[in-house]
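Here's the structure we're looking at; comments come further down.
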Amino acid sequence: MTQRVDLRVGAAVADAAPELWGLFIEDLNDALDGGLNAELVRNGDFEFAPTDREGFHPLTGWTVEGAAAVATDDPLHPNNLHYATLTGPAAITNEGWDGIGATEGQHLRLVVFARTVTPVRLGVQLGDLAETELEVEAGGWQRLETDLTATATGRGELRLSVPDGAAVDIDAVSLRPLGADGEPLTFRPDLLAALQDLKPSFIRFPGGCLAHGHGLDNIYHWKHSVGPRHERVHARNTWNYHQSRQIGYTEYFELCEATGATAIPIVAAGVCCQNSPGGQHAIPESEMDAYIQDVLDLVEYANGGTDTPWGAKRAEHGHPEPYGLRYLGLGNEDQITPDFRDRSARIEDALRAAHPEIIVIGTSGPMTSGADYDAGWAYARERGLPIVDEHGYQSPRWLQQNLDRYAAYDTAGPKVYLGEYGSWSSKIRSALAEAAYMIGLERNPVVRLASYAPLLARVGHSQWTPDLIYFTAEDVRLTAPYYVQRAFAAERGERIHEVELEGAQPVARELPKEGAVAVKSNRAAIAFSDITIDGNPICDARTGPGGDGVVLAQIDPTATELSFTAVRESGTDGFGIRLGPADPHTHIRVDFAPWQNKNTSVFRHDDGIGNHESDHLWTGMEDGVPVHVRIKLDGPRVQVWVDGEPHHDHTLDTRPEHRVAAGVLSRTVPDGLEYVTRLVNAEDTPKTVHIALDPGAYTADIELLTGTGPDEGALFEAFPAPPTRTQTKGDNGIAITLPPWTFASAVIRPA
Ligand code: AHR
């Protein structure tokens with residue numbers, strides 16, 4: 001039966017944040033190289049290296065026929081050290097990114113740098129799709145270019161060959177489709193269109209972890225990413241692959257222009273990521289002045305006149321007009337150490353002195369609470385930073401419990417940039433929880449900016465899930481969370497209205513009273529002994545590496561005490577223990593050194609989706625060294641001791657969840673006033689929401705995103721039912737019917 005819900009729209013209470021919805025871009029999951037970058041050749045510079053990933057080498061992506069090798073003497077450019085040498089008969093063939101696709105009649109531009117002692121005809125073949133030759137003159141490195149036209153639609157590989165007796169050096173091989181203007185494309189068009197449809201107010205770049213780098217030598221230096229592509233500085237990608245930086249800062253600013261977004265670059269705050277080997281390191285004192293100057297130069301590159309050195313560079317790179325940079329983020333999820341404080345403050349001081357127009361954004365750790373979060377916020381307040389970057393990957397349950405998180409924030413203090421968030425699945429359940437949470441973001445003006453993360457993932461090449469947009473070589477797969485982001489950004493309001501919702505109550509979740517104690521290890525063999533449950537001894541057990549784990553006993557997960565000794569016999573990292581019924585039922589998981597052999601963590605699972613609840617720094621497990629664990633479960637309270645040391649005293653949140661949510665903004669248009677209304681129904685009964693407005697006749701344009709059940713939608717797949725559009729009319733308001741598992745975004749206007 002359809003449930004009636006009444007939505008009363010109150011007075012406007014504050015101005016809405018005008019730039020709230022934006023994008024987070026990081027070269028993660030082949031998002032850029034192999035993704036948004038329109039380049040079709042993989043490793044065209046021959047710069048892949050084992051330091052990027054074990055097994056990578058300068059000929060990764062290429063197959064070799066005959067005498068072809070790699071050399072480094074007298075290179076094309078010092079930043080592009082490796083090149084291929086072919087002594088005929090020989091050929092090298094590039095596999096592209098899962099092949100190289102073209103459609104019949106499509107024009108593509110091939111660019112090759114080559115060098116030879118005696119003139120050579122370089123054979124060029126794109127599978128069965130196109131074929132030509134390039135003349136290489138005798139002499140030093142020369143840039144050769146030719147346009148190919150595909151004679152059929154299909155996929156092929158790019159083969160470059162030299163005949164018997166000929167010899168040639170080859171580098172910086174590039175193949176890009178041509179755009180309507182006859183110029184090679186910078187961005188893959190279908191992905192660019194998917195980003196343009198998100199109508200972002202801003203784009204954050206280059207990350208994420210990529211910005212502050214895995215080690216000091218891995219910090220993203222913007223100057224390495226501008227200028228001619230074959231002169232850019234390649235780098236190990238933090239996510240265990242290679243970054244060519246072909247989508248560097250120049251292309252980033254270009255992307256902002258192409259999507260109508262403002263730029264939010266994130267630069268390292270003078271320290272690298274705390275998860276780097278040996279932890280966080282600070283840029284040495286001797287290099288700090290130069291680093292600070294680099295940050296100032298970035299602002300000049302973006303905004304300086306062409307009479308400034310870096311403004312002139314921008315013009316040389318094709319863009320004489322300034323980009324109008326207004327924001328700059330300092331750091332990413334950094335630990336607030338004395339080194340961080342020192343380096344960050346100096347960069348900020350220099351920015352404030354030289355560029356008071358730039359809004360500097362601080363950082364506050366990877367989680368929505370905890371030591372880094374507290375320290376990041378305290379530091380931001382102390383420094384008077386205008387905005388703080390918060391990150392919060394949380395389960396749908398958590399989001400639905402925390403819609404009003406930002407109501408408690410001090411509006412007089414720094415404002416919030418929710419720089420990374422998402423709810424751990426591509427299901428409609430996640431999309432609806434995100435929509436409800438976004439209603440919360442939208443109605444708390446302390447939140448100025450928000451960007452879902454990560455944005456893009458190539459199917460089969462991902463390091464992080466879920467992602468907003470999946471893609472293959474051939475298609476772009478839009479997820480349910482994508483459609484939610486698109487709907488919020490497409491229709492924005494200017495004023496936030498008070499709302500009252502009647503007829504739909506938040507729902508409190510019961511904690512199950514029955515379930516198992518089960519242990520599991522992905523990468524280690526672990527032996528468990530001295531196991532007692534409520535003082536009663538039980539049999540020893542052994543688990544891992546891999547497998548489904550072992551059930552030790554049945555318990556009441558709200559009233560149990562257990563203890564055991566765990567010994568790692570072999571392998572890496574530690575183990576996890578489930579306390580309660582298996583997914584999709586609510587249960588607790590405690591992990592002991594699950595990653596990088598450090599930390600213990602408490603997770604809570606609801607509806608099959610885990611949520612990180614609490615962390616404790618720990619030295620991890622060693623082969624043969626016993627670890628004594630005690631766990632006490634008392635109602636929602638979870639206590640964990642390791643070797644007698646308290647690690648966790650965490651109380652599970654039992655507050656009700658807002659599975660039905662509503663938000664209303666208004667905006668002034670030439671014809672009068674419009675209401676932008678967001679409605680979420682994350683329940684399995686349909687609702688008709690009656691929206692009461694001032695007397696009069698109204699029409700509404702409604703976009704509806706509906707799942708057939710809460711678990712519809714999957715990682716790496718397109719959501720099967722894109723949103724539908726409908727119109728309705730009403731007197732003194734509007735009634736909108738929400739099928740179960742639905743998000744609606746409606747624009748209501750006087751008829
Ligand atoms: O979005 C993926 C990663 O999550 C980002 O690089 C990092 O900032 C966060 O931990």
Side-chain angles (χ1 to χ4, degrees), residues 22-33 35-36 195 200 202-215 218-220 235-241 243 247 252 264-269 271-276 279-280 329-336 340 344 361-373 376 387-395 398 416-426 430 434 449-458 461-470 479 481-482 485 594-596 598-599 601 603 610-612 615 715:
L23 303 182
F24 162 100
I25 291 198
E26 175 165 9
D27 198 353
L28 154 69
N29 307 319
D30 285 5
L32 299 187
D33 284 343
L36 189 59
L195 303 190
F202 65 88
I203 301 180
R204 173 195 182 118
F205 176 86
C209 292
L210 207 85
H212 61 176
H214 199 237
N218 195 232
I219 286 176
Y220 198 105
R236 165 171 55 91
N237 184 305
T238 308
W239 298 98
N240 198 25
Y241 58 96
Q243 38 174 334
I247 299 223
Y252 164 49
I264 303 191
I266 305 292
V267 300
V271 293
C272 66
C273 179
Q274 60 268 32
N275 297 320
S276 308
Q280 184 191 73
L330 257 187
N332 178 68
E333 302 186 348
D334 296 301
Q335 243 175 334
I336 312 298
F340 169 90
S344 181
I361 303 175
T363 185
S364 65
M367 317 255 286
T368 48
S369 59
D372 291 336
Y373 169 86
I387 307 192
V388 175
D389 176 23
E390 274 191 24
H391 294 178
Y393 297 98
Q394 305 282 8
S395 67
W398 189 98
V416 176
Y417 166 29
L418 183 58
E420 298 183 26
Y421 69 102
S423 67
W424 296 127
S425 93
S426 296
S430 279
E434 287 155 14
L449 309 160
S451 43
Y452 180 102
L455 181 69
L456 293 162
R458 187 177 185 99
H461 301 264
S462 80
Q463 295 82 36
W464 183 293
T465 56
D467 306 281
L468 203 61
I469 301 169
Y470 302 110
T479 59
Y482 173 91
Q485 294 288 329
W595 179 68
Q596 290 191 343
K598 63 180 188 184
N599 291 8
S601 312
F603 287 81
N611 199 60
H612 206 157
D615 251 337
L715 298 180

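It should be emphasised that the depicted structure is a prediction, and the values quoted were computed from it without experimental measurement. Just follow the structure's listing: the first ligand is 1, and inside any ligand the first atom is 1.
Taking the six-membered ring where the residue is Trp, Y393 and W424 present tilted rings, their angle falling between 30° and 60°. Using bins of under 30°, 30° to 60° and over 60° for the plane-to-plane angle, the ring pair Y421/Y452 lands in the perpendicular bin.
Shown here are the side-chain contact (heavy atoms from CB on, under 4.5 Å) partners of A268, two or more places apart in sequence or in another chain: H212, I219, Y291. Take D389 and apply the salt bridge (charged side-chain N to carboxylate O under 4.0 Å, His left out) test, not counting sequence neighbours, and it matches R204. Partners of E333 under the salt bridge (charged side-chain N to carboxylate O under 4.0 Å, His left out) rule, at least two apart in sequence or in another chain, do not exist in this structure.
Using a heavy-atom distance under 4.0 Å as the criterion, the protein contacts of ligand 1 are F24, E26, L28, G208, C209, W239, N332, E333, H391, Y393, E420, P454, W464.
A donor atom on one side chain and an acceptor atom on the other are found under 3.5 Å apart for Y417 and S451.
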